[in-house]
Amino acid sequence: MINFVRRSDCHIIQFMGNNMLTVLILLSALATCLCIPPQCTPEEAAIGRCRTPAGERPQCIEMVLGYCQDVPYSHTTFPNIVGHRSRQDLEMGAEYLLLSVIHGLLKGECSPDIRLLGCSVLAPRCQGGRLMKPCRSTCEMVKKSCIHAFEAIQMAWPYFLDCDRFFVGREEGCYDPLSELREKQEVAFANISDGGLSTIIQFTYHSNSQMFSILKKTAAKCPHISQTYSIGRSVEGKDLLVIEFSDNPGQHDLLEPEIKLIGNMHGNEILGRQLLIYLAQYMCSEYLLGNERIQTLINTTRIHILPSMNPDGYEIAASEVADRNDPENIYQEGHEYNGWTSGRANAQNLDLNRNFPDLTSIFYNRRRFRHFRSDHIPIPDSYWLNKVIAPETYAVMKWIRSYPFVISASLHGGELVISYPFDFSRHPQEERIYSPTPDEQIFRQLARIYADAHATMSNNDTERCGASFANKGGITNGAQWYSFAGGMSDFNYLHSNCYEITVELGCDKFPSEEELYPEWLRNKEALLSFMESVHRGIKGIVKDEHGNGIKGATITVRGVRHDITTAEDGDYWRLLNPGVHIVTAAASGYSKVSKRINMPRNVRLGRVDFVLKKAPREPSLDYFNIPELDNYERFDPFNQFEQYSQRELGENGEERTEKPWWWAYFSQLGISAPTWLLRNY
């Protein structure tokens, strides 16, 4: 005897009897209870391969799912594309739960794109008794733009958004689930545009997730000239995301100089971060619109932009400002004051601009050596042994060592001035004393280029923020302003070929949003002019007699006690001011070659190549008297950081990983654990 009790869409089955007919009836009823079509086995349902029987059309039902109400269609059907047999079955699944929380998990990034894409699979479009699948091209576009957001929270790309498995091509009659969303976005853009070709930038603040999204979308918009890559992670695991612009992204082109721009080193100095986000959007859009200046810059230069070196500190600063804007907060101080320290340091409470190796002291201590090199000074072992090194610092040091950067700018806030090395005083007892590098004139020229192109910085009548820069035209030697050791600019100069200036953008470290657009206008020309200034001086290739580039050859300018070295293929770039210079190329095992060059004022860049002949050369004894000079390649010699990145293995060699923080969203609800969301499961 079989009793059926109706409950929801299935039945509770009670039976008595053991004859074969009873068993067959039971199995038929069980299939009905599981909502499995006659041509769909339970195994097929489990892997999402249910099909409607031949000759039968799917039953289109009204869309009533709360998180899918804004899809561009009104009817769906079950079983869905991945095998959920009913609405109730879907709503109890981890897939639908993920769609309900994805906005919060990704902090608004890729929203509502991910949710609408998921709905197109979990509640597919049903039209005219036919299930319609979403387009594969839409899935691939969203995945390319959003995969980094999942990686940032250590979440795998959801299985039901597998572009090859659950989406189809246009030739198979697919539809675009994001079509209405894009139409609305186009209308919104049209309302703020004059109808012509233009670059549209939203001058607002951006959270970390929004910043990552903008950089990724910018690279996707201009894939032929742009890409993003990560140089490492912050203390709290956030990507230090770089966007690169070049006519050959991802590759170093022979004789093409490379530059970097860094913002938000101090987490509470936000303006530079925003300017670099705007700059990335501007360059991509203007390149596409045919702006010849931008096209020339990108086609002849490889540009790397790191908008936020301290994303953890930014979040602290941003939350502090949000609290002070709370109308119920009676202690409001506004953006400008922001404690001046809240969020400055990283999550370890380390000031990143005091965390680099102090190579300036080594430079001062060794000036007595006749042949002492003031370039490519190795990092002493004591730095690795005795200092707490921030992961952000470590990542930037590796970055500096990995690319042949020529110039760099680090964007800060708190004053309106350009500061250049040295930042550490040549007299430790004197905190404010002029401390020039051997390339003082080059640094002054770089500083002048930015300051003069800025709307107000070089004007001596401009109101400053407390420090006195009268009659300096908006530039200053760092140590003459105030002295500190372990700075990034000094490290760039003494450890690599890179000349870095510090750009102090203004008194207000965290200006109101109303000031962002005016600040962009004040700094846009200065940023472009600074990048263009890399094409000054001379460049060339140092080769052997067989035409092979010589890596690590030194380029010396007489009278300047600071050399630069050639890159992987033997190419080099040497910034020079106009005048007559004696330039020498040398390499171990080769004879050196000197050339006299004349740099007229009307010529910005010249080409000077060198061919060196094999001839063993004995270095001076003074060279060997300087400890550690042969240790330049020693980086993290004690594996201080590598050991932390090694994954813990179990007894049988399996990888042990802690569940990520978001796992609690799913594990406490009694549903089947979505292990498909774990990246290393």
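We're numbering straight along the sequence, starting at 1. Any value given below was found using the heavy atoms of this structure, including those in side chains, with hydrogens, waters and symmetry copies removed. Note that the structure is predicted; figures quoted are calculated from it, not measured.
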Worksheet entry | Distance, nearest 0.5 Å, that separates SG of Cys507 from CD of Glu415 | 6.0 Å
Worksheet entry | Nearest-0.5 Å distance, CD1 of residue Ile501 to CZ of residue Phe443 | 9.0 Å
Worksheet item: Is the gap between the ring centers of Tyr394 and Phe635 under 6.0 Å?
Response: yes
Worksheet item: With a 4.5 Å limit on heavy-atom distance, are the side chains of Tyr287 and His224 in contact?
Response: yes
Item to complete: Determine which pairs satisfy salt bridge (charged side-chain N to carboxylate O under 4.0 Å, His left out) with at least one residue from residues 294-308, sequence neighbours left out, and list them in order.
Response: Glu244-Arg302, Glu258-Arg302
Discussion item. One thing to verify: whether Lys398 and Asp636 come together as a salt bridge, which I'm taking to mean a side-chain N less than 4.0 angstrom from a carboxylate O.
Written reply: no
Discussion item. Could you tell me if the side chain of Met283 sits less than 4.5 Å from the side chain of Ile305, heavy atoms only?
Written reply: yes
Worksheet entry | Verdict with supporting geometry, Tyr205 and Gln210, side-chain hydrogen bond (donor to acceptor under 3.5 Å, both in side chains) | CA-CA 9 Å; Tyr205 281 112; Gln210 290 168 338; over 6 Å; no
Worksheet item: Between the main-chain N or O of Glu236 and the side-chain N or O of Asp312, is there a donor-acceptor pair closer than 3.5 Å?
Response: yes
Worksheet item: Donor-acceptor pair, Arg444 side chain versus Ile475 backbone, under 3.5 Å?
Response: no
Discussion item. For Tyr499 together with Tyr493, are the ring centres under 6.0 Å from each other?
Written reply: yes
Discussion item. Given 3.5 Å as the limit, does a donor-acceptor pair link the side chain of Ser435 with the main chain of Ile433, or not?
Written reply: yes
Worksheet entry | Minimal non-hydrogen separation, Trp573 against His252, with atom names | CH2-CE1, 3.5 Å
Discussion item. Looking at Thr476 and Gly478, would you say the former's side chain and the latter's main chain have a donor-acceptor pair under 3.5 Å?
Written reply: no
Discussion item. Looking at every heavy atom in both Ile243 and Leu215, which two are closest together, and how far apart are they?
Written reply: CD1-O, 3.6 Å
Discussion item. Within the structure provided, determine whether Phe405 and Asn497 are in side-chain contact (heavy-atom separation under 4.5 Å).
Written reply: no
Discussion item. Are Met211 and Lys238 packed together at the side-chain level, in the sense that at least one heavy-atom pair is separated by less than 4.5 angstrom?
Written reply: no
Worksheet item: Does any non-hydrogen side-chain atom of Val396 lie less than 4.5 Å from one of Met265?
Response: no
Worksheet item: Any salt bridge between Arg293 and Glu286, counting N to O under 4.0 Å?
Response: no
Practice prompt. Check for a donor-acceptor pair, side chain of Thr301 on one end and backbone N or O of Leu297 on the other, with a separation under 3.5 Å.
Written response: yes
Discussion item. Test salt bridge (Lys or Arg N to Asp or Glu O under 4.0 Å) on Glu151 and Arg233; report intermediate values, then the result.
Written reply: CA-CA 12 Å; Glu151 293 172 348; Arg233 292 185 181 271; 5.9 Å; no
Item to complete: Please answer whether the main-chain N or O of Met488 pairs with a side-chain N or O of Asn353 as donor and acceptor at a distance below 3.5 Å.
Response: yes
Discussion item. For the backbone of Ile214 and the side chain of Thr218, can you confirm whether one donor and one acceptor N or O come within less than 3.5 Å of each other?
Written reply: yes
Worksheet item: Do the side chains of Thr204 and His206 get nearer than 4.5 Å, heavy atoms only?
Response: yes
Worksheet item: When you measure from the side chain of Asn264 to the backbone N and O of His266, does any donor-acceptor pair fall under 3.5 Å?
Response: yes
Fill in: Backbone of Thr393 reached by a side-chain donor or acceptor of Asn355 within 3.5 Å
no
Practice prompt. Before giving the answer on side-chain hydrogen bond (donor to acceptor under 3.5 Å, both in side chains), spell out for Ser111 and His103 the whole-Å C-alpha distance, their side-chain angles and the decisive distance to 0.1 Å.
Written response: CA-CA 6 Å; Ser111 181; His103 179 88; 2.9 Å; yes
Worksheet item: Got a sec, which pairs hit salt bridge (charged side-chain N to carboxylate O under 4.0 Å, His left out) with one end in residues 268-278, sequence neighbours left out?
Response: Glu269-Arg344, Glu269-Lys509
Discussion item. Looking at Tyr364 and Phe424, would you say the former's side chain and the latter's main chain have a donor-acceptor pair under 3.5 Å?
Written reply: yes
Discussion item. Does the Lys NZ or Arg CZ of Arg115 fall within the cation-pi geometry relative to Tyr67 - under 6.0 Å from the ring centre and within 45° of the axis?
Written reply: no
Worksheet item: Is any side-chain heavy atom of Leu411 less than 4.5 Å from a side-chain heavy atom of Leu271?
Response: no
Fill in: Parallel, tilted or perpendicular: rings of His495 and Phe491 (30°, 60°)
parallel
Fill in: Glu315 vs Asn208, side-chain hydrogen bond (donor to acceptor under 3.5 Å, both in side chains): CA-CA, chis, key distance, verdict
CA-CA 8 Å; Glu315 289 195 342; Asn208 284 324; 3.1 Å; yes
Worksheet entry | Pair Leu527-Tyr278, side chain to side chain contact (heavy atoms under 4.5 Å, CB included): steps then yes or no | CA-CA 11 Å; Leu527 287 166; Tyr278 305 151; over 6 Å; no
Practice prompt. Dump the intermediate steps for side chain to side chain contact (heavy atoms under 4.5 Å, CB included) on Asn492 and Lys260, then the final yes or no.
Written response: CA-CA 11 Å; Asn492 270 275; Lys260 59 182 169 72; 3.0 Å; yes
Worksheet item: Taking the six-membered ring for Trp, are Phe422 and Phe363 ring centroids under 6.0 Å apart?
Response: yes
Discussion item. Any heavy-atom pair between the side chains of Trp399 and Ile262 that's under 4.5 Å?
Written reply: yes
Item to complete: For the pair Lys216 and Ile147, evaluate side chain to side chain contact (heavy atoms under 4.5 Å, CB included) and give the outcome as yes or no after the intermediate values.
Response: CA-CA 10 Å; Lys216 288 282 186 178; Ile147 185 70; 5.5 Å; no
Discussion item. Which heavy atom of Pro391 sits nearest to which heavy atom of Gln348, and what is that distance?
Written reply: CD-OE1, 3.3 Å
Worksheet entry | By disulfide (SG to SG under 2.5 Å) - contacts of Cys222 (at least two apart) | Cys284
